[in-house]
Asker: 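Here it is, the structure, as structure tokens.
The sequence lines fix the lettering, A, B, ..., with proteins before strands; numbering per chain opens at 1.
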Protein chains: 2
Amino acid sequence: MALEHAILVSLRERPAAGLDLARRFDRSIGFFWSATHQQIYRVLARMEADGWVSSVGVAQRGRPEKKVYDVTTAGRAELASWLARPMPPEKFRSELAVRLRGAAYGDRQAVLDTVREQLADHRTRLAHYEQLAARDFPDPAGLTGRELDVHLVLRGGIRLERFWVDWLTEYLQAHGAAPEPGHGTDHDTDPGPAAPDVEGPDR
Amino acid sequence: MALEHAILVSLRERPAAGLDLARRFDRSIGFFWSATHQQIYRVLARMEADGWVSSVGVAQRGRPEKKVYDVTTAGRAELASWLARPMPPEKFRSELAVRLRGAAYGDRQAVLDTVREQLADHRTRLAHYEQLAARDFPDPAGLTGRELDVHLVLRGGIRLERFWVDWLTEYLQAHGAAPEPGHGTDHDTDPGPAAPDVEGPDR
DNA sequence: CGTATCATGTAAGGGGTTACATGATTCT
DNA sequence: AGAATCATGTAACCCCTTACATGATACG
């Protein structure tokens, strides 16, 4: 139910085409929401049918034309109405937590390896987010309005990654395991998922 | 994909009928996974068809017979296999974060009210979880095996609630808003969602 | 005797993921 | 010429939520 509204927020920040939005959902907004381009196209079509957004074809040199969407008056009203609507408590789900709980019913070492992988991933993201915060918001004290909102959501991303790092570290310690993989376990150290970015151009 | 395995974990801890499982998913396991009874019944039927679980009807005095499920050998193998399978990084979603990001496009006071409500909810849960930890695990240092796993997942629940409390408190402060609702805003102070519990009987 | 609880389900619909399709342009 | 990227989409499938259905027993 919230993808439409996430798109409305993103389009109010700046009009965009479907793929632009998909890229944004791998960046700033992507801390707390994700969406693939297929899903975005479908929802965008429905939103246009409902009159929440309108599109114009924009020619590009050397690339196919793209349909740039913008929020209509009706779309703005819908967004404002949604923002004022009360919200039920959120349910969080974590497959990793289920694995931690059930580790005794399988190979515990394998579970510990998974934890180490996830921990490394969260550490990478935490470092990246903190770097972004230092770069884009060197002086957070004076922020207001939209900028303040963007910064505070980034703060949430940092806090969430810290939660993971702290918890998984505690888990490994309690089980007497090192946070780094032992000898010769040849993990391929890929750089992890595409580093999310805050703001900046769509491409 | 993980509900089946969450059920397997729960059934390995203790055999149970569909409704028993639904109650457990509002308690211990429910920190990081949730499921309604309708969903559980359907998945349970599929799992029995796949030979992962088997059921026996158990008569009860004064109540309808219930089908108690237990994990088969094939189910145990599947659970062990799943626990050893590598896991992609998890995606977290938060509708509240989208609202925070978009607050400038609606009534900011309404968004702040929503934040205060959610904050109160998370504070309640945090207090409850901490109470459970103190009651059920007064001396965590000596725990091992299954007990240790249960305690560590509870620790994760506590850490997650702390994340929310800290973040939302920071949000309100940055916007110069008090963490408690202002004068006369008559929120009905309901006790919040059914307090999750750790371990204990199914009913 | 009406209401609530226990217990098991069915049906409909929305949301999301994965795989595939298409046509054009730039890069090697 | 072949591969990669840009841009938009379709189709199938699975997961999940919400509402409804049924029959029995306990409670006031």
Asker: Both A/Val68 and A/Arg42 contact DNA chain D. Taking the nearest nucleotide for each, which residue is further toward the 5' end?
Answerer: A/Val68
Asker: Quickly work out the A/His37 NE2 to D/dT10 C1' distance and round it to whole Å.
Answerer: 11 Å
Asker: When you check the phosphate oxygens OP1 and OP2 of D/dT5, does a side-chain N or O of A/Arg23 lie under 4.0 Å from one of them?
Answerer: no
Asker: Please report, rounded to the nearest Å, how far the C1' atom of D/dC13 is from the CD atom of A/Gln39.
Answerer: 14 Å
Asker: Under 4.0 Å between a side-chain N/O of A/Arg93 and OP1 or OP2 of D/dC15, yes or no?
Answerer: no
Asker: Calculate the interatomic distance between B/Asp26 atom CG and C/dC6 atom C1'; express it in whole Å.
Answerer: 16 Å
Asker: What about the rings of B/Trp167 and A/Phe31, do their centers lie closer together than 6.0 Å?
Answerer: no
Asker: Without decimals, in angstroms, what is the distance between A/Met47 CE and C/dG15 C1'?
Answerer: 15 Å
Asker: Parallel, tilted or perpendicular: which describes the rings of A/His122 and A/Trp164, with under 30° parallel and over 60° perpendicular?
Answerer: parallel
Asker: Starting from P on C/dT25, measure out to NZ on A/Lys66 and report it in whole angstrom.
Answerer: 17 Å
Asker: Rounding to an integer number of Å, can you tell me how far A/Tyr41 OH sits from D/dA11 P?
Answerer: 17 Å
Asker: In terms of the angle between their ring planes, are B/Tyr41 and B/His37 parallel, tilted or perpendicular, with boundaries placed at 30° and 60°?
Answerer: perpendicular
Asker: Would you say that more than 12 heavy atoms from the other residues, nucleotides or ligands in this model lie under 6.0 Å from the CD of A/Glu48, or not?
Answerer: yes
Asker: Send over the distance from B/Arg46 CZ to C/dG9 P, rounded to a whole Å.
Answerer: 15 Å
Asker: Which is more 5' along DNA chain C, the nucleotide nearest B/Leu19 or the one nearest A/Trp33? Just name the residue.
Answerer: B/Leu19
Asker: Given atom CD of A/Gln38 and atom C1' of C/dA21, what is their separation to the nearest angstrom?
Answerer: 12 Å
Asker: Could you pick out which residue, A/Lys91 or A/Gly18, lies toward the 5' side of DNA chain D when each is mapped onto its nearest nucleotide?
Answerer: A/Gly18
